[in-house]
Amino acid sequence: MTMSASALPLQYLQPRVGDGWIHASLILPPAPRASLLIVPPFFHEWQRGYRLFALLADALSKEGIAVMRFDYRGCGDSSGEDADFLPSQALADTSVALETLAAATQHRPVLMGVRAGGLIAEAVAGSSGHPFAFWQPVQTGIEYLKELRHMDRTQRNSRMRFPYLKTERPDDAGSLMGHRLHPDFDTELSVFRRSAAPLFVVAPQEAAGSDPSILIEGPLSDWAKQVDMESLAPRQALQHVARELSERLSA
């Protein structure tokens, strides 16, 4: 156990899933008003947004919200190999994280899925009866795969990244955005799509649509389009979003 910047205890947990485990972190304020499970994004977006959502969790804890973050198996400090990661596995990991958070807080947690994590969060919420929300969600697994393939192809052939590249580099079916890929990943993700109304969506105005939304701009939203870190998450903006989130979660 270590201490976060908020002086609240940060607990590290390793709940079992199948023959492995997920690595989870929990900030548990005294007498929490509500609890939130942050369901992470995939691949480079998980890496790129890691610090952002660590800071958000800290800001939310200061508003009296218990927050759990976790790594899917095959990611971060969880068990498994990179190439083992699958959406079906992410469903099981999220379900176990949800059960762990509910037991720790005695609250009915809200799942907040980040980017493609929103597809996972909605599916787990549908089977468990918990409320869910989105942070910059993707609409369908198929659309997201096309977006990732395009970005992967662009980065493979970037003259800025590879100044001595002479010929176009082909796609690699065994990897995506620098991560080894399970052969069934595309097939599994392709069946996911948004279908139910969330509690709220955290997104820029142009992407919020008709959903009840918390609007974000600048570094709080631009990170999803970046492969390399181009900006830092502003703490003041995060604190403002945390206050709005805490009000929605406590309602």
Side-chain angles (χ1 to χ4, degrees), residues 14-24 37-50 53 68-101 111-130 132-157 168-196 198 224-227:
Q14 288 188 333
R16 302 289 303 185
V17 188
D19 58 357
W21 69 88
I22 56 171
H23 178 82
L37 178 66
I38 298 179
V39 184
F42 297 171
F43 304 130
H44 70 292
E45 292 180 349
W46 168 78
Q47 296 166 318
R48 181 63 186 84
Y50 194 90
F53 291 100
M68 178 176 282
R69 298 179 296 116
F70 70 98
D71 301 331
Y72 301 117
R73 281 173 293 163
C75 303
D77 290 316
S78 294
S79 66
E81 298 295 329
D82 293 7
D84 294 337
F85 174 66
L86 281 169
S88 57
Q89 182 170 281
L91 291 173
D93 296 344
T94 302
S95 295
V96 167
L98 180 64
E99 293 168 3
T100 303
L101 177 57
L111 299 95
M112 186 174 75
V114 181
R115 300 286 289 147
L119 300 174
I120 303 299
E122 180 179 341
V124 173
S127 61
S128 65
H130 283 72
F132 70 97
F134 294 135
W135 185 297
Q136 292 180 261
V138 302
Q139 299 301 312
T140 71
I142 291 177
E143 290 177 8
Y144 185 57
L145 281 170
K146 290 179 180 178
E147 177 183 334
L148 289 178
R149 290 293 181 195
H150 175 74
M151 185 177 291
D152 183 87
R153 189 175 303 115
T154 299
Q155 293 301 318
R156 284 178 178 278
N157 293 282
E168 183 171 330
R169 301 174 69 184
D171 293 348
D172 180 1
S175 70
L176 187 59
M177 293 306 297
H179 292 256
R180 286 178 292 173
L181 201 63
H182 192 285
D184 296 332
F185 181 85
D186 285 22
T187 301
E188 284 201 6
L189 187 61
S190 294
V191 303
F192 284 81
R193 64 181 57 249
R194 284 188 58 181
S195 60
K225 302 175 184 177
Q226 300 170 3
V227 176

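For the numbers below, each heavy atom of this structure counts, side chains included, while hydrogens, waters and symmetry mates do not.
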Check: [X] side chain, [Y] main-chain N or O, donor-acceptor pair, under 3.5 Å:
X    : Y    : value
D172 : G174 : yes
Q14  : I22  : no
Q136 : A224 : no
D84  : G74  : no

Provide the closest heavy-atom pair for [X] versus [Y] in the form atom of the first, atom of the second, distance.
X    : Y    : result
P15  : T100 : CB-OG1, 3.6 Å
S95  : V124 : OG-CG1, 3.7 Å
F134 : M112 : C-CG, 4.2 Å
A196 : E122 : N-OE2, 2.8 Å
L148 : H44  : CD2-CE1, 3.7 Å
A97  : M68  : O-SD, 3.6 Å

key: Six-ring centre of Y50, R69 cation under 6.0 angstrom, axis tolerance 45°   =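 Judged by the rule (NZ or CZ under 6.0 Å from the ring centre, within 45° of its axis), R69 counts as positioned above Y50.
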query = Parallel, tilted or perpendicular for F42 and F185, by the 30°/60° rule?
reply =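 Taking F185 first and then F42, their aromatic rings stand perpendicular (interplane angle over 60°).
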Please round to the nearest 0.5 Å and tell me the distance separating atom [atom1] of [X] and atom [atom2] of [Y].
X    : Y    : atom1 : atom2 : value
L181 : H179 : CG    : NE2   : 10.5 Å
M151 : K225 : CE    : NZ    : 10.0 Å
S175 : R180 : OG    : CZ    : 10.5 Å
D71  : W21  : CG    : CH2   : 12.0 Å
H23  : C75  : NE2   : SG    : 13.0 Å
L91  : L119 : CG    : CG    : 10.0 Å

query = Is E147 salt-bridged to R115, cutoff N-O under 4.0 Å?
reply =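 Result for this pair is yes, salt bridge flagged.
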Cationic N near anionic O, under 4.0 Å, D186 to R149 =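 A salt bridge is present here (some side-chain N lies under 4.0 Å from a carboxylate O).
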key: Qualifying side-chain hydrogen bond (donor to acceptor under 3.5 Å, both in side chains) pairs with a residue from residues 72-82, counting only residues at least two apart or across chains   =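 Those involving residues 72-82 are R73-D93.
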inquiry  = Quick one about D184 and T187 (side-chain donor to acceptor, distance below 3.5 Å, no hydrogens or angles considered), yes or no?
reply    =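 No donor-acceptor contact under 3.5 Å links the two side chains.
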Donor + acceptor pair across side chains of Q226, R48 (<3.5 Å) =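 Per modelled atom types, Q226 and R48 side chains form a pair under 3.5 Å.
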Test side chain to side chain contact (heavy atoms under 4.5 Å, CB included) applied to F192 and T140, step by step = CA-CA 6 Å; F192 284 81; T140 71; over 6 Å; no
ask   = Considering only heavy atoms from C-beta outward, does the side chain of T94 approach that of L111 to under 4.5 Å?
value =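 Yes - at least one pair of side-chain heavy atoms lies under 4.5 Å apart.
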ask   = Do F53 and V114 have side chains that get closer than 4.5 Å, going by heavy atoms?
value =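 Of all side-chain heavy-atom pairs linking V114 with F53, at least one is under 4.5 Å.
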request  = Please lay out, stage by stage, how M177 and V227 fare under the test side chain to side chain contact (heavy atoms under 4.5 Å, CB included).
outcome  = CA-CA 9 Å; M177 293 306 297; V227 176; 3.9 Å; yes
